[in-house]
Amino acid sequence: MDVILQGLTEAQTDAVTHIDGPLLILAGPGSGKTRVVTHRIAYMINQGVPPSQIAALTFTNKAADEMRARVEQLAPGKSVWMGTFHRFCAQLLRRYATMVGLTENYSIYDSSDAKQAMKRAIEAADISTSHTSPEQIATTISNAKNRLVTPEMMLAATKRSGPTMAARVYPVYQQQLLTANAVDFDDLLLHVALLLKEHPELRQELDTRFRYILVDEYQDTNLAQYAIVRGLSINHPNLSVTGDPDQSIYGWRGADINNILDFEKDYPSVKTVRLEQNYRSTPNILRAADQLIRHNRRRKNKELYTHNDEGDAVTLRIYENGYEEADGIADEIANAIAVEGFRPRDFAILYRMNALSRSIEHSMRRRNLPYQIINGLEFYQRKEIKDLLAYLHLINNPKHDVALQRVINTPTRGIGTKTIAYLRSHADRHGIPMLEATRQVDQIEGLAKRSATAVKRFVELYDRLAIKATATLEDLIRYIVEETRYEDHLLKTVVDGQDSSAVANVDEFITAGVEFDRYHPDDGSLELFLEQTALVADTDAFEDNTDRVTVMTLHAAKGLEFPRVFVIGVEDGLLPHSRSKDTDSGFEEERRLLFVGITRAKERLQLSCCKSRTMRGESRPAISSPFFNELPLDEMRRVESELERNWFDEDSQDDYPESWDLPEEEDDEDFDSEAAASVKETADPPFDESCQLPEEELKELVAKKKKKKKAVLGLKTAADLMSGPSSIPVTAYREGNLVRHGEHGEGRIVSVTGRGPKRTATIRFDDGEHRFRLAFCELELIDG
DNA sequence: AAATAGCAACTTTTT
DNA sequence: GTTGCTATTT
């Protein structure tokens with residue numbers, strides 16, 4: 001007990017010791033919110049609340065994991081339900097599936113599945129998309145679902161002026177989802193919310209079952225989530241929510257900031273606790289955040305304060321362009337690591353949109369700086385993985401039409417788009433799943449005999465696979481790969497010279513299956529595996545026990561903290577984003593987004609913008625964000641871009657260290673010499689156009705290298721993180737390394753001197769010694 | 001039907 | 001700079 005309350009402030013203790021009745025914790029950034037929540041759970045258990053009656057809802061798996069780990073420390077072995085809203089709903093829905101017209105093996109469509117399904121619904125509803133795009137319709141429907149609007153309600157609402165496109169598609173889409181025994185992300189919430197609303201006896205049962213509900217990041221809940229939480233807190237209003245209205249950044253997906261602003265109205269007997277002391281940031285950083293957020297009109301005023309040391313002034317920096325921004329920041333990080341003894345993990349680079357990660361990635365890589373990018377393209381999005389997943393989905397849920405269409409002709413087996421269209425329309429006409437339609441292939445008129453045979457062969461294959469549904473995942477996946485000759489298909493499809501990672505990914509997927517089998521020796525089911533893969537988000541990829549610079553969006557950064565933070569691209573049209581800045585609420589949300597970014601920093605913060613930025617190919621002039629003028633400028637350090645470093649100026653200042661030691665436990669991919677050595681490409685010259693060589697010659701060289709690199713490696717995005725860096729920094733070559741040269745064969749590096757493009761290696765080959773500029777020559781590193 | 005080439009449109013943020 | 005779609009070819 002002492003342990004649980006030890007070291008807590010008065011306000012924190014107040015919150016922790018509150019057990020029964022509604023509780024609102026208004027927690028500013030860095031105010032120890034997680035600490036309060038976890039200690040409160042432990043306290044409740046200690047006071048005799050059965051752990052099984054507690055449910056803690058978060059927005060990300062990561063948040064849930066962290067909470068779980070910390071509760072485990074305080075109250076070992078007590079199993080409290082913790083997880084995301086979506087997972088919570090997915091599990092409830094599993095149990096009560098039949099009540100909403102599904103069966104327990106229903107599938108969760110991810111956003112690309114949903115997109116496919118939406119297109120089909122639009123087609124089936126016979127709507128021309130000349131005036132609206134499918135995306136727009138999808139957004140409208142998604143918003144409706146988040147506001148608990150059913151197809152009937154939407155139709156009724158638009159009756160007067162004639163139904164809108166969305167109103168006509170919505171019922172069709174929903175019906176097709178039911179036929180496919182599937183739900184989209186929004187449905188997870190919608191179904192459960194409606195379930196609670198329409199079945200009072202069930203609502204009451206669950207209310208009692210989950211007597212104590214905790215919700216994290218309450219400012220980001222939408223109406224559906226609100227309704228769920230509310231429905232579970234009527235008989236037992238032991239609802240505690242934590243949040244910060246100033247950090248509400250999900251309005252675009254239906255989050256309603258009023259849920260938290262009006263919480264005290266909803267629960268008049270609420271106890272409100274304000275956590276305003278900040279333990280995270282320096283006063284400098286906090287003042288910047290505070291002054292910025294004061295410009296929002298719709299908010300609860302809050303006094304942020306801290307007893308931390310003053311620290312350094314916040315830096316406001318203007319670069320020439322995005323490359324300079326990336327290089328400058330990477331240099332600064334490299335320098336801080338080399339000179340000040342910082343670790344890579346102490347830094348974060350944050351931005352408004354994922355597209356901005358590219359230049360950062362480049363700069364980090366050239367300096368051999370370990371980093372982790374949290375963004376879109378990841379494992380489960382890759383073609384080969386999606387293919388195999390689709391097989392699994394179809395085996396688990398034979399009605400999964402999106403999966404069927406993906407799988408029916410991969411590997412190609414003579415079933416073309418036309419045949420698929422026949423099957424689809426047959427299915428639509430009879431209101432049956434497409435797999436069912438394939439079994440009735442003989443009844444479909446107009447289909448060539450040859451096509452029908454191919455379809456029958458597929459059905460046979462499917463039936464063979466489906467028998468193995470209850471095998472271990474490892475066996476099942478291996479069986480699919482074998483039976484479909486999937487690897488042959490990959491090898492055939494892979495364009496010559498493209499990366500061979502596809503097959504490796506398949507192996508990794510099998511490994512994922514093996515892991516799953518191991519962690520779930522008893523309760524492991526295909527269903528559970530699929531649910532887990534469907535509900536992992538990109539942000540969950542963040543690892544805090546790894547020593548790397550973190551690179552991610554402002555949204556993904558919520559809840560995290562770093563000693564040093566760089567927010568890049570603080571420009572008009574980018575932050576605030578041009579698509580949000582026109583409405584007051586949108587504009588204020590953008591401001592909150594910057595607020596979130598600023599308050600991630602513990603010791604030092606830099607906000608930067610550029611004079612010009614290249615987006616989508618062309619470079620355009622950029623102007624700084626209007627938010628700059630809302631900051632305490634007079635106490636900040638303003639820096640205009642210095643003239644770019646000149647590499648050929650012999651004693652120029654910036655010199656990166658060749659590498660820094662990673663901790664021993666570091667066994668992550670790439671960034672060490674081992675991975676670098678496995679790559680067969682020379683370095684990108686780490687310099688820009690300002691160079692001593694004749695300009696034309698240089699351009700040609702650069703162009704040649706670019707071409708070559710593309711041909712050899714195929715891709716050069718975040719995805720190739722998995723297969724290794726696409727270029728070797730000049731610093732990767734060390735004395736003693738073994739290298740191969742096209743002309744001279746194998747040789748050993750005798751010495752390395754100079755830096756940047758001037759960095760030169762002396763190499764002893766069989767035919768004598770030769771000197772090479774590392775940035776320019778074609779050298780293959782054999783061992784490092 | 002399959003493979004390829006070329007075009008078009010788009011990118012805000014995510015469970 | 002990418003991804004998905006259409007037209008073209010075998």
Side-chain angles (χ1 to χ4, degrees), chain A residues 57-64 83-90 108-112 114-116 119 133-135 139 142 145-146 183-190 217 220-222 224-225 248-255 350-359 374-378 381 383 409-421 448 450-451 454 489 492-495 531 534-541 552-558 569 573-581 586 589-590 592-594 596-597 614-618 706 710 714-719:
Chain A
L57 302 173
T58 62
F59 275 77
T60 63
N61 293 305
K62 199 208 158 258
T84 63
F85 259 103
H86 286 81
R87 200 180 286 279
F88 182 74
C89 291
I108 300 167
Y109 278 5
D110 69 20
S111 25
S112 81
K115 199 169 144 198
Q116 291 298 117
K119 279 183 190 157
S133 66
E135 288 76 31
T139 312
S142 172
K145 286 182 174 182
N146 289 330
V183 300
D184 62 21
F185 283 135
D186 300 322
D187 281 340
L188 286 171
L189 306 174
L190 177 70
E217 309 282 12
D220 287 326
T221 50
N222 59 34
Q225 288 161 327
S248 165
I249 54 176
Y250 285 99
W252 52 274
R253 75 172 197 215
L350 311 177
Y351 40 76
R352 176 67 233 263
M353 49 182 201
N354 280 308
L356 293 189
S357 68
R358 207 169 299 280
S359 55
I374 314 298
N375 77 353
L377 273 178
E378 43 109 43
Q381 300 269 9
K383 269 187 213 68
N409 202 34
T410 28
T412 52
R413 45 177 80 90
I415 303 172
T417 44
K418 215 151 186 189
T419 308
I420 295 175
R450 189 176 346 145
S451 306
H489 162 74
K492 228 176 8 197
T493 332
V494 159
V495 198
E531 180 183 303
L535 297 179
V536 291
D538 299 334
T539 40
D540 296 329
M552 63 182 162
T553 64
L554 289 161
H555 283 89
K558 194 162 67 159
L574 219 49
L575 183 63
H577 194 275
S578 50
R579 292 194 46 173
S580 298
K581 58 189 263 192
E589 182 156 313
E590 296 291 308
R592 290 194 292 269
L593 206 42
L594 181 55
V596 167
T614 29
M615 291 217 60
R616 186 166 94 210
E618 248 23 54
K706 273 189 184 155
K710 212 163 185 175
L715 44 91
K716 48 169 184 165
T717 57

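This is a predicted model, so every value here is computed, not measured. Every heavy atom of this structure was used, including side-chain atoms; hydrogens, water molecules and symmetry mates were not. Letters A, B, ... are given to chains in the order of the sequence lines, protein chains preceding strands, and every chain is numbered from 1.
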What verdict does the side chain to side chain contact (heavy atoms under 4.5 Å, CB included) test give for Glu590(A) and Leu575(A), after you've listed the backbone C-alpha separation in whole Å, the side-chain angles of each residue and the deciding distance to 0.1 Å?
CA-CA 6 Å; Glu590(A) 296 291 308; Leu575(A) 183 63; 3.8 Å; yes
Candidate nucleotides dT15(B), dG1(C), dT14(B), ranked by approach to the side chain of Trp252(A) - the nearest
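Closest nucleotide to the Trp252(A) side chain: dT14(B).
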Base, sugar-phosphate or nothing for Tyr250(A)? Non-hydrogen atoms, less than 4.0 Å.
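The answer is sugar-phosphate, as Tyr250(A) gets under 4.0 Å only of primed atoms, P, OP1 or OP2.
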For [X] and [N], what is the distance between atoms [atom1] and [atom2] respectively, to the nearest whole Å?
{"X": "Met353(A)", "N": "dT2(C)", "atom1": "CE", "atom2": "P", "value": "15 Å"}
{"X": "Met552(A)", "N": "dT13(B)", "atom1": "CE", "atom2": "P", "value": "15 Å"}
{"X": "Leu535(A)", "N": "dT14(B)", "atom1": "CG", "atom2": "P", "value": "16 Å"}

Listed by chain and number, what are the side-chain contact (heavy atoms from CB on, under 4.5 Å) partners of Lys383(A), not counting sequence neighbours?
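Residues passing side-chain contact (heavy atoms from CB on, under 4.5 Å) with Lys383(A): Arg406(A).
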Using side-chain contact (heavy atoms from CB on, under 4.5 Å) as the criterion, list what pairs up with Arg413(A), not counting sequence neighbours.
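Residues passing side-chain contact (heavy atoms from CB on, under 4.5 Å) with Arg413(A): Tyr391(A), Asn409(A), Pro411(A), Ile415(A), Phe458(A), Leu461(A), Thr484(A).
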side-chain N/O Asn354(A) vs dT13(B) OP1/OP2, d < 4.0 Å
yes
Contacts under 3.5 Å, N or O only, protein and nucleotides 1-6 of chain B:
unit_1: dA1(B); atom_1: OP1; unit_2: Thr419(A); atom_2: OG1; d: 3.0
unit_1: dA1(B); atom_1: OP1; unit_2: Ser451(A); atom_2: OG; d: 3.4
unit_1: dA2(B); atom_1: OP1; unit_2: Gly414(A); atom_2: N; d: 2.7
unit_1: dA2(B); atom_1: OP2; unit_2: Asn409(A); atom_2: ND2; d: 3.0

Euclidean distance for C1', dT13(B) against dG4(C) (whole angstrom):
22 Å
Just the table, please: protein N/O against nucleotides 8-10 of chain B N/O, every pair under 3.5 Å.
none

Scan nucleotides 5-8 of chain C against the protein and return all N/O pairs shorter than 3.5 Å with their distances rounded to 0.1 Å.
unit_1: dC5(C); atom_1: OP1; unit_2: Lys119(A); atom_2: NZ; d: 2.5

side-chain hydrogen bond (donor to acceptor under 3.5 Å, both in side chains) against Thr221(A), all qualifying residues, sequence neighbours excluded:
Asn259(A)
Short side-chain to backbone donor-acceptor contact, Asn146(A) and Ala255(A), under 3.5 Å:
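The answer is no, because no donor-acceptor pair under 3.5 Å joins these two groups.
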